[in-house]
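One structure below.
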Amino acid sequence: MNTSTIIYWRILVGIGLLGAWEIFSGWTFDSFWLSQPSEISAYLWKSILSGQLLSDMALTFQATAYGYVLGALAGLFIGLLLAQSETIAMILRPYIMAIYGIPRIALAPIFILWFGIAMTSKIMMAAMMTFMLVFFNTYEGVRAADVDLKSVARVLGANRWQLFMKVTLPNASPWIIAGLRISIPQALVAAVVAEFIASIGGLGYRLMETTSSLNTPGTMAGILVLMVVVMLLNTILDRAENYLLRWRAKDQS
Amino acid sequence: MSMARTNAGGGAAAPDRAFQPSIGQPVIELKGVDRVFHSDRGEIVALKGIDLTVCEGEFVTVVGPSGCGKSTVLNVIVGLLDPSAGEKFYKGKPSRGVNRNIGYVTQADNLFPWRTVIENVTFGLEVRGIGNRSEREDRGRELLKRVGLDGFENHYRHELSGGMRQRVNIVRTLAYEPEVILLDEPFGPLDAQTRLNLQDLLMQLREERPETTFMFITHDLAEAITLGDRCAVMSARPGRIREVVEVPLGHPRDVYTINTHSDFRRLFDEVWEHLAEEMRGGDGG
């Protein structure tokens, strides 16, 4: 099948699913639980016009972006640092594994306690989530560096700094980029979860608020917005990753 | 392959090339070198009492039964491994650690997969800070052309065949003109014709850079005799130098026809007898 036929069918499936939802909701089951596409789009339109959607998105994205940058920088720096020394790595290994074992979402309540209900706690949640993923990927990536390639680079005349910049880092880059990539949607989730628990605005706050006032169209609209945002992010990140790692074989040969 | 040369197909001693290697002072000296590897299952003595001297401008080939430690010898010489016992000299001085004057073409291509062909080839010049970017690339391009890889400058490793990768690997070492070049079965993955072309390139390089010293491991006896001024035969493990056979086939050598030289067969048989004995002996008799 060629691409345009596939796209045509994709759109058809989408319309079919939405149509089925619209028809069956309120007929075979109560539309109170699942709402309906027409109600959801009406709600969405309304919140776009009132500016509420935009201000919620702005709050959540701001927290995500600050947290991500903070967490990514810290993760990169500490990951690179710890991977330098075999001894330090050996000593810290069980502790690092233990910290990695903490279900990260479980930290949200205590982060609210530490950092308050305003923006800071959301930034810190996003930062913590990003830090974990970037740190581990960086650390593992550097430690998995190819010994033979390092030897060859030394023979070719590379000094320690050149070895690090021109061999260790690019060799670890698939891991590092993977960490930077998977942590973006995760940072968003972390910020939203923190907003669930206690906050004064944002997409997570709106989800909580609409659900507790039994406003299912509002809840569904919130989920829809998050879904679209994460999908868009993933598409952009896929492209970026493919470009940065273009030196790798497409199919492993 | 486009390897221009003046007298391809000429006789074993072509009249328009007056090259004679000038063998100088010792460059590499190994005296009683042992190398032991420790593993969970005990010790493995890879090398036992290696004595070897290679002089400036010389081309020494190394053959030996598989697993006899040929690659270990090169790893010790370049300094990636230290000898467990014995002495190692470079130009008369004791040497330790990686020796940046020695180039090493490894058996596996070990190309940097994140670098293009031209970026791989210029790596040595780049880290040594020789020339500017365009000068380095001109130099790389010229050598790539000589191994038939013009047009592949911007390819990545995964886009090349095994033979092409190995040619890039060789050029990467040739590019920065080290004083000594060690080659570990460099032509292994190449087809017969490419192999001949590259042997020819090595012979041309000797003429262009007569002070460059070569050590070349191979499992192909004909190749060892074609290229070498001397051929070192190693014993089965633990490896030592069993015999060094002089190869007085003269210069310049035409790799395409040298095997018709009247002494070629005799030298081949001589090296083969040493090797056969080692292979029959098995555990180092």
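Reckoned from all heavy atoms, side chains included, excluding hydrogens, waters and symmetry mates. Each chain gets a letter, A, B and so on, in the order its sequence line appears, and its residues count up from 1.
For CZ of A:Phe77, the number of neighbouring non-hydrogen atoms (other residues, nucleotides, ligands) closer than 6.0 Å is 12 at most. Within a 6.0 Å sphere centred on CD of B:Gln25, heavy atoms belonging to other residues, nucleotides or ligands number 12 at most. Few gaps surround NZ on B:Lys88; more than 12 heavy atoms of other groups in view lie less than 6.0 Å from it. B:Phe214 CZ: more than 12 foreign heavy atoms inside a 6.0 Å radius.
Shortest non-hydrogen contact noted between B:Pro113 and A:Leu149 is CD-CD1, 4.0 Å. The shortest heavy-atom contact between A:Val155 and B:Ile102 is CG1-O, 3.5 Å. Closest approach of A:Ser151 to B:Leu80, counting heavy atoms only: CB-CD2, 3.7 Å. What you find for A:Arg154 and B:Val98 is that their closest heavy atoms are NH2-CG2, 3.3 Å.
Both the backbone and the side chain of A:Asn171 come within less than 4.5 Å of a heavy atom in chain B. Proximity to chain A is limited to the side chain of B:Tyr176, based on heavy atoms less than 4.5 angstrom apart. Heavy atoms closer than 4.5 Å to chain A are found in the backbone of B:Leu111, but not in its side chain. Using a 4.5 Å cut-off between heavy atoms, B:Arg172 contacts chain A through both its backbone and its side chain.
Using a 4.5 Å cut-off on side-chain heavy atoms (C-beta onward), B:Phe112 and A:Asp146 make no contact. Residues B:Trp114 and A:Val167 meet the side-chain proximity criterion, which asks for heavy atoms closer than 4.5 Å.
Annotation: the span from A:Lys166 atom NZ to B:Arg115 atom CZ amounts to 5.5 Å, rounded to 0.5 Å. Distance check: B:Arg128 CZ to A:Leu156 CG gives 7.0 Å after rounding to the nearest 0.5 Å.
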